[in-house]
Amino acid sequence: MFPQHVIARKRDGHALTRDEINAFVRGATDGSWADYQLSALLMAIFLRGMTPEETAHYTDAMMRSGTVADLTAVRGVKVDKHSTGGVGDKVSIPLAPMVVACGVPVPMISGRGLGHSGGTLDKLESIPGFRTDLSLDAYCAQVAKLGCALIGQTKDLAPADKKLYALRDVTATVECIPLICGSILSKKLAEGIDALVLDVKFGRGAFMKTKAEARRLAESLVSVGRAGGKNVRALLTAMEQPLGHAVGNALEVAESIACLRGEGPADLMEVTFALGEQMLVLGGVARTEAEARGKLEGVIASGAALAKFREIVAAQGGEAGAIDDPSRLPQARLQRAIAAAGDGYVQEVDAMGVALAALRLGAGRAKADDRVDPAVGVSALAKIGERVSAGAPLCIVHANDEQALSEVSAMLTRAIVIGEAKVAAPKLIEELIR
Ligand code: URA
C-alpha cells in the first residue's frame, strides 16, 4: 500500500479502512513511511477528522505498535486515572496510594511535563532516589506485589505514539480530537488496565480552553475506550486557577503528602475524592460514590494511604524518610513572598500566568530534552475568593537564580488580581461523562 494513496484518500475526505490505518501506524513504527508522509497524513486527519470507527482502529493500532502489559496475574479490577493536564495538578500522587489502600490495583504510567503543564514523573523524581524508569517486567511485578507502580512510558509501550506525537508537536497537528484520543488511550490501554477514569480539564490552564471542547474530547475518549473493551468514565473539571497552593515539583510532592495526612487544600481534595470515587466504583469495591468517599476518607484517617505511598516510594528507590519529613525534599536557595498591593478579594489567579512563572524558574521544560529544577516553584498561592489585606503574602516564590526571581515576581503580580468585589470560589467539577 503506497503512503501517497492513503494520504490522498484522507485529503479527499474519505474514511480510512482498518488496513490503511494499520499501514500508517506500522509506517510510523518501523520507519517505512518518511516523516513528510506521516506529517502529511497527520495534517489531512487534522483537517478532515476521523469517524468514531477510524478513531477506534487508530487507537487499537497504536496500542498494538508495542508491547501490551499483561497484568492478568494481578487480582482485582485494575483501574488507572489520566488527566489531560493542568497547572498544579498533582492529583495522581495522593490518589494512587489512596485507591490502592482501598483495595483497587492502580497500574500508572505517567508522562513528563512539557510547556506549561507539569508532569507526574518530574514531580515524583524530586523525591531523592525515586526511579520512574522501571522495565515493563519490573512494573508488572511491583503492581502484583504492592498493587501499584508509578512509572514512565517505556520504549516498548505504544512506540508509534512517540514518533507521531513528536511530529504533531512540530507540524501544528496536536489539537485534533481523534489524534489526541488515539495518543492518550493507546498508552493507557497498553498498561494492562481494565478500567480508566479521565480528568478532562478545561480553562486557561488546560489544553482544552472551553467546556464544550473538553466535553467533545471526553465523549470521544469514553466511547473509544469502551470500543477497546475498557470501562471508561470522565470528569470535566475547571482549570482557571492552579489546583492547590503549590506549583513546582518538590513543592507539589510536599502538598501531596499533606493530602495523604488529611491536610490537603479543599480544591485539590475535591478533585482527588471525585476521581477516587469513580475509581472505587469501577474497581468494584464500592457500590456508590458515597460509599467510596467513606472508604477514601477512611484510608487517610487511618494512615493506610500514607503508608502505601511510603511503601511505593521505598520500592522505587526513593528516600522514604522524605515522606515523613518533607524538608528532606530539594529546597530552593531563594524565597520571596509576593505581597498584596491593597485590601480586597482575589479575583483571578491566572493558571497560565503562574505556569509560565514556574517555567521561567526552571520547574518545567520548554523543549523535551530540557532539565527541570526540582526545588523551584511557587507555594502558598492565594485562591480566588480569598479576602486579603494590603501587604499580606499572595504566594511565595522559590528560586535558584536572582534574575528569574525578579522576573517571576513581576509575572505573578500580574497573574494574581485583587479587586474590591466579593467573588465566589469557582465551581470545579462540572460533569461526569459515562
Ligand atoms: N497528551 C497525550 O498523551 N497525547 C496528546 O495527543 C495530547 C495530550
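No salt bridge links R48 with D12; every basic N to acidic carboxylate O contact stays at or beyond 4.0 Å. For the pair E191 and K230, the salt-bridge criterion is not met [side-chain N within less than 4.0 Å of a carboxylate O]. A salt bridge between R18 and D60 is present, with a side-chain N of the basic residue lying under 4.0 Å from a carboxylate O of the acidic one.
For the residue pair H398 / S379, a side-chain donor-acceptor distance below 3.5 Å is found, with atom types taken as modelled. There is no side-chain donor-acceptor pair under 3.5 Å between E348 and Q241.
With hydrogens and angles ignored, the 3.5 Å screen pairs no side-chain donor or acceptor of K211 with any backbone N or O of R215. E255 contributes a side-chain N or O that, together with a main-chain N or O of H245, makes up a donor-acceptor pair within less than 3.5 Å. Under the 3.5 Å distance criterion, the side-chain polar atoms of Q331 are matched with a main-chain donor or acceptor of L329. The closest donor-acceptor contact from the side chain of Q347 to the backbone of Y345 lies under 3.5 Å. Between the K308 side chain and the A96 main chain, no donor and acceptor come within less than 3.5 Å of each other. Of the possible polar contacts, none joining the S220 side chain to the L217 backbone as a donor-acceptor pair under 3.5 Å is found. At distances below 3.5 Å, at least one donor-acceptor pair connects side-chain atoms of K90 with backbone N or O atoms of L243. With hydrogens and angles ignored, the 3.5 Å screen pairs a side-chain donor or acceptor of S83 with a backbone N or O of G85. Of the possible donor and acceptor atoms, none in the side chain of D35 sits under 3.5 Å from a partner among the backbone N and O of Q37.
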Under the salt bridge (Lys or Arg N to Asp or Glu O under 4.0 Å) rule, what do R365 and D122 come out as? Steps first, then yes or no, please. CA-CA 10 Å; R365 30 175 98 67; D122 298 318; 2.9 Å; yes
Apply salt bridge (Lys or Arg N to Asp or Glu O under 4.0 Å) to residues R216 and E213 and explain how you reach the verdict. CA-CA 5 Å; R216 279 204 304 129; E213 275 179 301; 5.8 Å; no
Test log, rule side chain to side chain contact (heavy atoms under 4.5 Å, CB included), inputs V143 and C148: CA-CA 4 Å; V143 176; C148 184; over 6 Å; no
Under the side chain to side chain contact (heavy atoms under 4.5 Å, CB included) criterion, do V247 and L381 qualify, and how do the steps go? CA-CA 9 Å; V247 178; L381 257 172; 4.1 Å; yes
Under the side chain to side chain contact (heavy atoms under 4.5 Å, CB included) rule, what do R204 and V349 come out as? Steps first, then yes or no, please. CA-CA 10 Å; R204 287 191 210 194; V349 183; over 6 Å; no
From CA spacing to verdict: side-chain hydrogen bond (donor to acceptor under 3.5 Å, both in side chains), S32, D30: CA-CA 6 Å; S32 57; D30 66 13; 2.6 Å; yes
Are V106 and V79 close enough, and set up right, to give a side chain to side chain contact (heavy atoms under 4.5 Å, CB included), and what steps lead you there? CA-CA 5 Å; V106 180; V79 189; 5.7 Å; no
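At a threshold of 4.5 Å between non-hydrogen side-chain atoms, the residues I151 and M108 do not count as touching. In this structure, L42 and L164 have side chains that are in contact, with non-hydrogen atoms separated by less than 4.5 Å. The shortest side-chain heavy-atom distance between Q142 and I312 falls under the 4.5 Å cut-off. L121 is not listed as a side-chain neighbour of F130, based on a closest heavy-atom distance of 4.5 Å or more. The shortest side-chain heavy-atom distance between V222 and R434 does not fall under the 4.5 Å cut-off. Counting only heavy atoms from C-beta outward, the side chains of L196 and L198 approach each other to under 4.5 Å. The shortest side-chain heavy-atom distance between M269 and I300 falls under the 4.5 Å cut-off. In this structure the side chain of D199 reaches within 4.5 angstrom of the side chain of K201, judged on heavy atoms.
More than 12 heavy atoms of other residues, nucleotides or ligands sit less than 6.0 Å from atom CZ of R226. Taking a 6.0 Å sphere around NZ of K209, one finds it holds more than 12 heavy atoms contributed by other residues, nucleotides or ligands. Other residues, nucleotides and ligands contribute more than 12 heavy atoms inside 6.0 Å of the NZ atom of K383.
Within the model, atoms CD1 of I109 and OG1 of T120 stand 12.5 Å from one another, a figure rounded to the nearest 0.5 Å. Here the straight-line distance linking atom OG1 of T237 with atom CZ of F202 works out to 7.0 Å at 0.5 Å rounding. Note: L221 CG to L185 CG = 5.0 Å, rounded to the nearest 0.5 Å. The NZ atom of K162 sits 11.0 Å away from the CG atom of L157 when rounded to the nearest 0.5 Å. Going from atom CG of D161 over to atom OG of S186 covers 4.5 Å, rounded to the nearest 0.5 Å. Rounded to the nearest 0.5 angstrom, I193 CD1 and K78 NZ are separated by 10.5 Å.
The two atoms that bring T17 and E20 nearest to each other are N-OE1, 2.8 Å, heavy atoms only. What you find for Y165 and S183 is that their closest heavy atoms are CD1-OG, 4.0 Å. Residue M62 comes nearest to A160 through the heavy atom pair SD-CB, 3.9 Å, listed as atom of the first residue, atom of the second, then distance. Taking every heavy atom of both residues into account, S92 and P97 meet most closely at O-CD, 4.3 Å. In this structure, D70 and C140 approach most closely via the heavy-atom pair O-SG, 4.0 Å. Listed here is the closest heavy atom pair of V87 and G205: CG2-O, 3.9 Å.
Residues passing the ring pair (Phe, Tyr, Trp, His ring centres under 6.0 Å) test with Y139: none are found, sequence neighbours excluded. A search for salt bridge (Lys or Arg N to Asp or Glu O under 4.0 Å) contacts involving D169 returns nothing, not counting sequence neighbours.
When each of L359, L412, V408 is paired with V354, the side chain to side chain contact (heavy atoms under 4.5 Å, CB included) condition holds for L412 and for no other. E277 pairs with exactly one of K81, R293, R287, R233 by the salt bridge (charged side-chain N to carboxylate O under 4.0 Å, His left out) rule, that one being R293.
Relative ring orientation between F24 and Y58 is described as parallel, the plane-to-plane angle staying below 30° on a 0-90° scale split at 30° and 60°.
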